[in-house]
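Basis for what follows: all heavy atoms, side chains included, without hydrogens, waters or symmetry-related copies.
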Amino acid sequence: GLQPDIAIVTETKITAAKCSQHEASFPGYSEPIRRDRSEHGGGVAIWIKEGLVYQYLEAFHSDLHETIWLSVQLRNGETVVVCAVYRPGSSLDTDISLLEHLDTTIDRVRLHGRHLIVAGDLNVHSKEWLGSTKTTPAGLYMEDICSLHGLCQHVCHPTRGANTLDLVMSDLGETTTATVIPPLGASDHNCVVVDFATPVRREPKTKRTVWRYNKADWPRLRHFFAATDWSQLINGNAETSCTAVRNLITAG
């Protein structure tokens, strides 16, 4: 199955009361970064594969709009800012408030010279740009944002009915490929799988010792502690005494 480095889901329709972080987690991924609204609609979340180096960007948070901003380190030392966004389908065609938030925040991202990915369910329409059945002011504004900030819109096939509502925009090159695949579960939107061909930085795997405490011989250990003359060990400074006690215990 699919195991993307970054998974973005919109219209999650979950709340903390109905779905804990543990219940929303998947093996191989960090706990999701969530922006819940209600179980009846809305919501956005991002799952990041374990080992990727990322940071949640609290400074870009908006109380009014369903967006999540984070930065991910690339292998070449640069960073890419990822924005997950949901613009409700009930939004008026003339309502561009969320798009204004994107526009101004992208300006702030650009001040730091970072790369950018914006992805989510935007619910905007443009006959010429997206092949939609109609053109709306929101669609025209979103196209202007991409043009102004040098972003390429990578999704070339409809994602719901005849319309391309789920967009992925970036400045990571036109070699980026986006594939539209059938919906997951009961969703009425197709999924979009994007290959940016941009290596992300991963934390190297490290080996660690895991003690199996349930296999320990606790009665024997208690007897061992009771028979030990601790005064012979704890007679120096704290560091020396700690080392002596540790060595005694591990030696058994």
Side-chain angles (χ1 to χ4, degrees), residues 1-14 24 26 28-30 32-35 37 41-49 52 54 65-72 74 80-89 91 98-99 102 106 115-134 136 138-139 141-143 145-147 149-200:
L2 292 175
Q3 291 188 327
D5 286 330
I6 301 173
I8 294 174
V9 178
T10 59
E11 288 193 273
T12 51
K13 299 181 181 181
I14 57 177
F26 297 98
Y29 288 83
S30 302
I33 303 170
R34 294 161 51 176
R35 183 70 187 273
R37 194 209 305 174
V44 61
I46 303 180
W47 283 262
I48 309 291
K49 186 171 283 189
L52 267 65
Y54 72 94
H65 306 297
E66 291 173 281
T67 58
I68 298 174
W69 298 84
L70 55 85
S71 64
V72 179
L74 304 179
V80 57
V81 171
V82 178
C83 172
V85 56
Y86 174 60
R87 179 175 180 269
S91 302
L98 181 143
L99 305 184
L102 290 180
I106 291 172
H115 292 295
L116 180 67
I117 300 170
V118 179
D121 183 359
L122 273 298
N123 281 299
V124 297
H125 301 270
S126 171
K127 288 183 178 180
E128 182 176 348
W129 184 46
L130 300 174
S132 308
T133 55
K134 62 181 179 179
T136 63
Y141 187 23
M142 191 68 248
E143 183 180 9
I145 290 173
C146 285
S147 178
H149 296 289
L151 303 179
C152 177
Q153 202 292 112
H154 303 292
V155 184
C156 300
H157 299 283
T159 59
R160 186 176 187 273
N163 294 305
T164 304
L165 304 180
D166 305 272
L167 309 183
V168 180
M169 299 153 282
S170 82
D171 62 351
L172 294 176
E174 298 196 13
T175 56
T176 296
T177 58
T179 304
V180 177
I181 63 174
L184 293 177
S187 174
D188 59 354
H189 286 243
N190 291 326
C191 296
V192 180
V193 180
V194 184
D195 183 1
F196 290 102
T198 302
V200 292

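When side chains are defined from C-beta on, F196 does not count as touching D5, because their heavy atoms never get closer than 4.5 Å. Under the 4.5 Å side-chain criterion, counting only non-hydrogen atoms from C-beta, M142 is in contact with M169. Considering only heavy atoms from C-beta on, I8 comes within 4.5 Å of V82 through its side chain. Here the side chains of I117 and I6 are not in contact, with every heavy-atom distance at 4.5 Å or above. Within the 4.5 Å cutoff, the side chain of N123 has heavy atoms near those of the Y86 side chain. Between L130 and L167 the shortest side-chain heavy-atom distance falls below 4.5 Å. Side-chain contact between T12 and R34 is absent, with no heavy-atom pair separated by less than 4.5 Å.
Put simply, OG on S71 and CG on L116 are 12.0 Å apart, with the number rounded to the nearest 0.5 Å. In this structure, Q153 CD and I145 CD1 are separated by 13.0 Å, a value rounded to the nearest 0.5 Å. With rounding to the nearest 0.5 Å, the separation of OH in Y29 from CG in L52 is 9.5 Å. In this structure, H149 NE2 and L102 CG are separated by 9.0 Å, a value rounded to the nearest 0.5 Å. Taken to the nearest 0.5 Å, the CD1 atom of I46 stands 7.5 Å off from the SG atom of C83. Separation of atoms CG (L2) and CD1 (I181) is listed at 4.5 Å; rounding is to 0.5 Å.
Closest non-hydrogen pair, N190 versus P182, comes out as OD1-CA, 3.9 Å. Heavy-atom minimum distance, V180 versus P158: CG1-O, 3.7 Å. Closest approach of S170 to H154, counting heavy atoms only: OG-NE2, 2.7 Å. When every heavy atom of I68 is checked against every heavy atom of V44, the shortest pair comes out as CD1-O, 3.6 Å. The nearest pair of heavy atoms linking C146 to W129 is SG-CZ2, 3.7 Å.
Just one residue in the list V194, D195, V193 forms a side chain to side chain contact (heavy atoms under 4.5 Å, CB included) with T177, and that residue is D195. Exactly one residue among T164, T159, T179 makes a side chain to side chain contact (heavy atoms under 4.5 Å, CB included) with V192. That residue is T159.
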| query | Yes or no on side-chain contact (heavy atoms from CB on, under 4.5 Å) for N163 and T133, after CA distance, side-chain angles and deciding distance? | reply | CA-CA 7 Å; N163 294 305; T133 55; 3.4 Å; yes
| Can you list the steps and then say if H189 with E11 is a side-chain contact (heavy atoms from CB on, under 4.5 Å)? | CA-CA 10 Å; H189 286 243; E11 288 193 273; 3.9 Å; yes
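Applying the salt bridge (Lys or Arg N to Asp or Glu O under 4.0 Å) rule to E66 yields the partners R37; only residues at least two apart in sequence or on another chain are considered. Every residue two or more places apart in sequence or in another chain that forms a side chain to side chain contact (heavy atoms under 4.5 Å, CB included) with S30 is listed here: E50, Y54. Residues meeting the salt bridge (Lys or Arg N to Asp or Glu O under 4.0 Å) test with R35, sequence neighbours left out: none.
Note on D166 versus R160: no salt bridge recorded, every NZ/NE/NH1/NH2 to OD/OE distance being 4.0 Å or above.
Side-chain atoms of W47 come within 3.5 Å of backbone N or O of A24 as a donor-acceptor pair. In this structure a side-chain-to-backbone donor-acceptor pair under 3.5 Å is missing from K134 to H125.
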